[in-house]
Q: 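My questions all concern the structure below.
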Amino acid sequence: MSWTLSAAHTPHLARRGGQREGERAPAQKDTTMTLITSPPPTTTSTGATSVGATPAGATPQAAASVPHLRLERPLEGRDAEILTPAAIAFLTELHDRFARRRHDRLAARERRRFEIGTGDAPHFRADTAHIRDDPSWRVAGAGPGLEDRRVEITGPTDPKMTINALNSGARVWLADQEDATSPTWRNVIGGQLSLFDAIRGQLSFTNAEGKEYHVTAERTPTIVMRPRGWHLPEKHVTFVDRSGRELPASGSLVDYGLYVFHNAHALIAAGRGPYFYLAKIESAEEARLWDDVFSFTEERLGLAHGTIRATVLIETLPAAFEMEEILFALRDHCAGLNAGRWDYIFSIIKTYRGRGARFVLPDRSEVTMTVPFMRAYTELLVQTCHKRGAYAIGGMSAFIPNRRKPEVTAAAFEKVAADKRREAGDGFDGTWVAHPDLIPVARAEFDAVLGDEPNQLGRTRDEVSIDPADLLDLRIGLPITTAGVRGNVSVAIRYLEAWLRGLGAVAIDDLMENAATAEISRSQIWQWIHQDRETAEGDAITRSFVEGLVDDVLAEAPRSDGDRFDDAAEVFREVALRPEFPAFLTLPAYAKYLD
């Protein structure tokens, strides 16, 4: 049976507790989708399939006013298990309700970034002081299965990595559809299938050599899924709005919508729930948009209000100045905040890339968690969370073990242990690791502080006092080195080459690299060039100098049939060497190169 989707009018679903202070009353919107059988959908020469065609009996003129989604790729394999008519209907509802607000928030984000980049100093908002000054409110806190988060493992959602994460012994798995996933269409839908099967206990995998992988752990981690950030589109799905305008679908809404639609009830039945990490948030208004998405979802899927829980990554400079407001906006659905360290460093560089020498950072390896602006940011995060009953989750050290090199593994264990010891001592309730072998190392440091307690919410860190100047204290006092420049170029190109082949998390030089660390590498190169920096060895960091390093990386690369090094170098030139600075390297690379 083939099908089309059309919208029917129903009243707006009211959120519990009524309209929030300062919010407009929501407009009456179409919320209920009617499933209609129809003749087979039209498939174009490019394989696009209309999944929201004209309802039976409608005229072509009327059809333009019916919001719908169009898949730009034909269904393959098990795709139809995820892209069901009912799931697509739900995605259409999400886009009809929230796509315009998403675009408004992205425009506001760009305006604020321009203001800061041209001289306006970030500050704690005067218009929301009443939220910060009100001691009475608290967030919802941990949901079932999130009470103890002392060690969380992160990773992509392909079948093998899903099984490894579920067998890892971590308390939580961040199932990452964002920075650790290259968003090819196969990865997007394949990740949904992995999660669908894992939640139902039916996931297995056999690799090319015939090795079988199965979930064998008696207790698997609680899954917290990370959809793509608000800024990322899904080019394989087109949303046609009520005026007939065609736009790429939201990657956030596609990832979130498919996961929650298929799995919310199964997760609740298993004693857990639909939980999410929210990436790249820059304001309380962006958080409120997510909160409204959650409330609508709960009404639509018949879930009790507050069933969905979110942990927000504080990984942008503007968000660091709005932590309490973000918690408040999500308070009915919020479990905590996470110190997203690598994207936070990238956000600092991106925001201040044109503001002069005092905003220039040294080699990436020297921007550690103990430098002034990173200390201020993490201490404020712990204080803010515990003031409001939210968990504070630490970030990921990039060091990883190498089972073929004992000396590398020993160094990684030592560095990760020191990092987690500092986090536990600062009051964090849990932390991230990127490799199963690091779980015992991290757990030992948190066990030493937590003991049998599940968290440190009682440590309110009242002694901490952070002002805007502390968050912007970028003094490190170390130079840029030629090796640091060369390393950034090499890592960025090698990561991009893997990303273009569909790999989102890659071990390079015994560090775990993902989109966030690649962003630091390319944005530093751009800033160093445009701020006329030179290395400690006397090399002027110019475009021609960096072009020479690109040539060196390509000459040294292990070339093979089907590699993507030439494309990776071209992407690097576009995002690091041109006068314009793309806000995210993934946007032009995704638009031009990914299938």
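Sequential numbering from 1 along the given sequence is applied to the chain's residues. Note that these values count all heavy atoms, side chains included, but never hydrogens, waters or copies made by symmetry.
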Q: Between Leu450 and Gln456, is any pair of side-chain heavy atoms under 4.5 Å apart?
A: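 The answer is yes; the side chains approach within 4.5 Å.
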Q: Arg150 side chain to Arg171 main-chain N or O, any donor-acceptor pair under 3.5 Å?
A: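 Judged by distance alone, no pair lies under 3.5 Å.
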Q: Measuring centre to centre across the rings, with the benzene-like ring taken for any Trp, is Trp432 within less than 6.0 Å of Tyr277?
A: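 Yes - the distance between ring centres of Trp432 and Tyr277 falls below the 6.0 Å cut-off.
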Q: Look only at the side chain of Ser347 and the backbone of Asp343, and say whether a donor-acceptor pair between them is shorter than 3.5 Å.
A: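 A pair under 3.5 Å: no.
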Q: Verify whether the ring centers belonging to Phe572 and Tyr495 lie closer than 6.0 Å.
A: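 No: the rings miss the under 6.0 Å criterion.
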Q: Should the pair Lys350 and Phe584 be classed as cation-pi, given the thresholds of under 6.0 Å to the six-membered ring centre and 45° from the axis?
A: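 Yes; both conditions hold, so Lys350 lies above the ring face of Phe584.
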Q: Under a 3.5 Å distance rule, please check whether Tyr590 uses its side chain to pair with a backbone N or O of Thr184 as donor and acceptor.
A: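 Not a single qualifying donor-acceptor pair exists.
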Q: Kindly compute the distance separating CG (Asp292) from CZ (Arg101), expressed to the nearest 0.5 Å.
A: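 One gets 4.5 Å once the value is rounded to the nearest 0.5 Å.
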Q: Is the closest side-chain donor-acceptor distance between Asn263 and Arg200 under 3.5 Å?
A: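 Present: a donor and an acceptor within the cut-off.
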Q: Any sub-3.5 Å donor-acceptor pair from Arg228's side-chain atoms to Leu253's backbone N or O?
A: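 It does not hold such a pair.
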Q: Looking at the rings of Trp290 and Phe276, which for Trp means the six-membered one, are their centres under 6.0 Å apart?
A: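 So the answer is no for these two rings.
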Q: Within the side chain of Arg501, is there an N or O that forms a donor-acceptor pair under 3.5 Å with the backbone of Leu496?
A: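 No, Arg501 side chain to Leu496 backbone: no donor-acceptor pair under 3.5 Å.
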Q: Under a 3.5 Å cutoff, is there a donor and acceptor pairing between the side chains of Asp179 and Asn514?
A: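 Looking only at side-chain atoms, Asn514 and Asp179 do not form any donor-acceptor pair under 3.5 Å.
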Q: Which heavy-atom pair separates Ala412 from Pro401 by the least distance, and what is that distance?
A: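 Minimum heavy-atom contact is CB-N, 4.0 Å.
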